[in-house]
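Hydrogens, waters and symmetry mates are skipped; everything else that's a heavy atom, side chains included, is used. Here is the naming used below: chain letters follow the sequence lines, and residue numbers restart at 1 for every chain.
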Amino acid sequence: MRFRSVTLGIAWRTLHNFFRNPTLIVPALLFPLFFFTAFAGGLSRVSEAPGFDYAAGYTAFQFVFVLLQASAFGGVFTGFGMARDFESGFGRRMMLAAPGRTAIIAGYALSALVRAVFIWVLLTAIALATGMQVGGDAVDLVGLYALAAIVNFAAMMWAAGIALRFRSLQAGPLMQTPTFLILFTAPVYVPVDLLSGWVEAVARVNPVTAIIEEGRELIAGGGADALPAFGAAAALAVLLAGWALLGLRRAEAAGG
Amino acid sequence: MSHEHPASIEIEGLVKEFKKGPRAVDGIDLRVDPGEIYGFLGPNGAGKSTTVLMLTTLLPPDEGTARVAGYEVRRDGARVRENIGAALQEAALDPFLTAREHMRLQTALHGLPKAERRKRGDSLIERVGLGDAADRKVGGYSGGMKRRLDLALALVHGPRILFLDEPTTGLDIQSRTALWEEVAHLARDEGVTVFLTTQYLEEADALANRVGIIDHGRIVAEGTPESLKAEIGEPSVEAVPSDPERRGDVARVLERFGSGDGECPHAIDQSIAVRLKGGDASLVDVVRALDREGIEVAHLQLHAPTLDDVFLAKTGRTLEGSGQSDAQAPAPADPREPAASGAATA
């Protein structure tokens, strides 16, 4: 009961600040919309490359990447807020009051998910308004957004682990840079089969590749074998949740 | 030593050592009884805040045991947190939230039933005098308002034990006095145990039932303010004759009342001072004796030993920051005594 109360309290406060503070909400909205416009609009002729045979079209192809990217960065930016709270001492207020401190992480994670849902709605509406084709049925789409939710959670846990270890906003680049690298070394602009050289080699071992490729299959209506993608996403989420919990123990040992 | 009641706070051999640093807390033992205000006095860096962090379960001790509200801080941290409230050195508030929104968050963190949250929050906001500012963002609050809100937040779940870490640092006289009254009211009328760290002598003197003086991580003296001061010696009387030629006569009179234990620290320039062997009660006799001798006195002052004298005697140094605190300190009536109006307001 207390776990739920602490989680909801922290999520409420984080979201309250997010929705009432233009410096937080505007970049969170502008970045995915900018990427979607630039990638889906500006690079649409990439789909004419030989071997590019994605049935749902380039807008849907890029929509999936931007959706997952926005989900990941929603998690990372929530981690920024967590670092700021611990730097300012507000983290101690939560550590002092919460009987089980895991609920603190859960509160931030819940707020990251709500933020992400808000951006998904906007992004999906704009994508549909600009003519995005959706071949998948309701189950496929639930699968796509479930993948995005797991990515959001995993990124949030990564950022939380950093925030709790460093308890300073100066650790922001440590949250952001690896997330950026792992996303952009996946097949962003073309399917993985069209990549070559070291980029292809990296993309093939990158767990995010399976997630993005499966997302694209789901929106196109061809997501038959979803296990590798969901397995990779779940494994990342579990691993990074462990990383965040160890970070919490480090913060506890350091006095919050 | 046996005690009738279980202690609110009981510490044995508590140690905290930071990496590449000295022992911040070096084996302290102390006991605080229910309803007591315990003043933890010491200069910056003495180990006060580190002790508070350990007692509030924010920092694990390296050695020793600490029981708060009957629970061991390492093993039963969640239980300890249920029973304590804390206002730490810097009021950690969210500048984007109002006081009422802070209350909403704090009541949720403490798991108060939803039906009670609003009522409890509003009553505490009124109690600390922030009713008119309850819906203003905290970013625009003064230091005193932030401290009062921090105190109210610490009380939201009705804790049995309250930790206040330098609660009046940086506050003006009015805010400081209001906070003292509120703290005294909590202990006196609600039976809350208060563990108060401070570097202000007069704060410990005015509020605390007992004082522990900490220096370099060790408790160097402990007792009631009165007993600690009594250890230092009797009060002294300082007199300056109107006619400087009669300085010798004044000295002869004062000698009769003096304890004869050597130099008195308060004798300066034209004044003559002695420690009074009969305590401050003999001041009347001093005045009568001077009058009988026909000595006109330009200045006569009684100096009681202060906690700074105690600190000096125990550590060989004066307490850092005491000058500042003297300059800022008000001289309110002892807030431990019931207020004449019967209500403590902030």
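- For a residue to count as touching a neighbouring chain, one of its non-hydrogen atoms must lie under 4.5 Å from one of that chain's; by this rule B:His102 touches chain A with the side chain only.
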Could you list the donor-acceptor pairs under 3.5 angstrom formed between side-chain atoms of residues 66-79 of chain A and any protein atom two or more places apart in sequence or on another chain?
{"from": "A:Ser71", "atom 1": "OG", "to": "A:Leu67", "atom 2": "O", "distance (Å)": "2.7"}
{"from": "A:Ser71", "atom 1": "OG", "to": "A:Trp120", "atom 2": "NE1", "distance (Å)": "2.9"}
{"from": "A:Thr78", "atom 1": "OG1", "to": "A:Gly74", "atom 2": "O", "distance (Å)": "2.8"}

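- Within the 4.5 Å cutoff, no side-chain heavy atoms of B:Lys137 are placed close to those of A:Arg20.
- By the neighbour-count criterion of 12 heavy atoms within 6.0 Å, atom CZ of A:Phe3 is densely surrounded, having more than that number from other residues, nucleotides or ligands.
- Among the residues in residues 155-180 of chain A, none has a non-hydrogen atom closer than 4.5 angstrom to a non-hydrogen atom of chain B.
- The local environment of CZ in B:Arg100 is crowded, with over 12 non-hydrogen atoms from other residues, nucleotides or ligands closer than 6.0 Å.
- In B:His216, the NE2 atom is not crowded: 12 or fewer heavy atoms of neighbouring residues, nucleotides or ligands sit closer than 6.0 Å.
- For B:Glu101, the parts sitting under 4.5 Å from any heavy atom of chain A are the backbone and the side chain alike.
- Within a 6.0 Å radius of CZ in B:Arg218, other residues, nucleotides and ligands contribute 12 heavy atoms or fewer.
- For B:Glu90, no part lies under 4.5 angstrom from a heavy atom of chain A.
- If you measure heavy-atom distances from B:Ile84 to chain A, the contacts under 4.5 Å come from the side chain alone.
- The nearest pair of heavy atoms linking B:Gly111 to A:Ser5 is CA-OG, 3.6 Å.
- Contact count versus chain B (heavy atoms, under 4.5 Å) is highest, among A:Asn17, A:Leu8, A:Ile10, for A:Asn17.
- For chain B, no part of A:Arg4 is nearby; none of its heavy atoms comes within less than 4.5 Å.
- Of all residues spanning residues 51-60 of chain B, those with a heavy atom less than 4.5 Å away from chain A's heavy atoms are B:Leu53, B:Thr56, B:Thr57, B:Leu58, B:Leu59, B:Pro60, arranged by number.
- Comparing B:Leu105, B:Thr50, B:Leu153, B:Val80 by heavy-atom pairs within less than 4.5 Å of chain A, the highest count is held by B:Leu105.
- Under a 3.5 Å cut-off, the side chain of A:Arg2 and the backbone N or O of B:Leu109 do form a donor-acceptor pair.
- Taking non-hydrogen atoms and a 4.5 Å limit, the residue list of residues 80-98 of chain A in contact with chain B, ordered by number, reads A:Ser88, A:Gly89, A:Phe90, A:Arg92, A:Arg93, A:Met94, A:Met95, A:Leu96, A:Ala97, A:Ala98.
- With a 6.0 Å radius and a threshold of 12 heavy atoms from other residues, nucleotides or ligands, B:Glu12 has its CD atom at or below the threshold.
- For B:Arg117, the part lying near chain A is the side chain, with the backbone staying farther off; criterion is any non-hydrogen pair under 4.5 Å.
- Other residues, nucleotides and ligands contribute at most 12 non-hydrogen atoms within 6.0 Å of the CZ atom of A:Phe34.
- Among B:Arg104, B:Glu82, B:Gln89, B:Lys114, the residue making the largest number of heavy-atom pairs under 4.5 Å with chain A is B:Arg104.
- Counting non-hydrogen atoms of other residues, nucleotides and ligands closer than 6.0 Å to CZ of A:Arg250 gives a total of 12 or fewer.
- Ranked by heavy-atom pairs under 4.5 Å with chain A, the list B:Ala154, B:Gly77, B:Ala92, B:Ala86 is led by B:Ala92.
- Among A:Gly100, A:Gly9, A:Ala254, A:Gly255, the residue with the largest count of heavy-atom pairs under 4.5 Å with chain B is A:Gly255.
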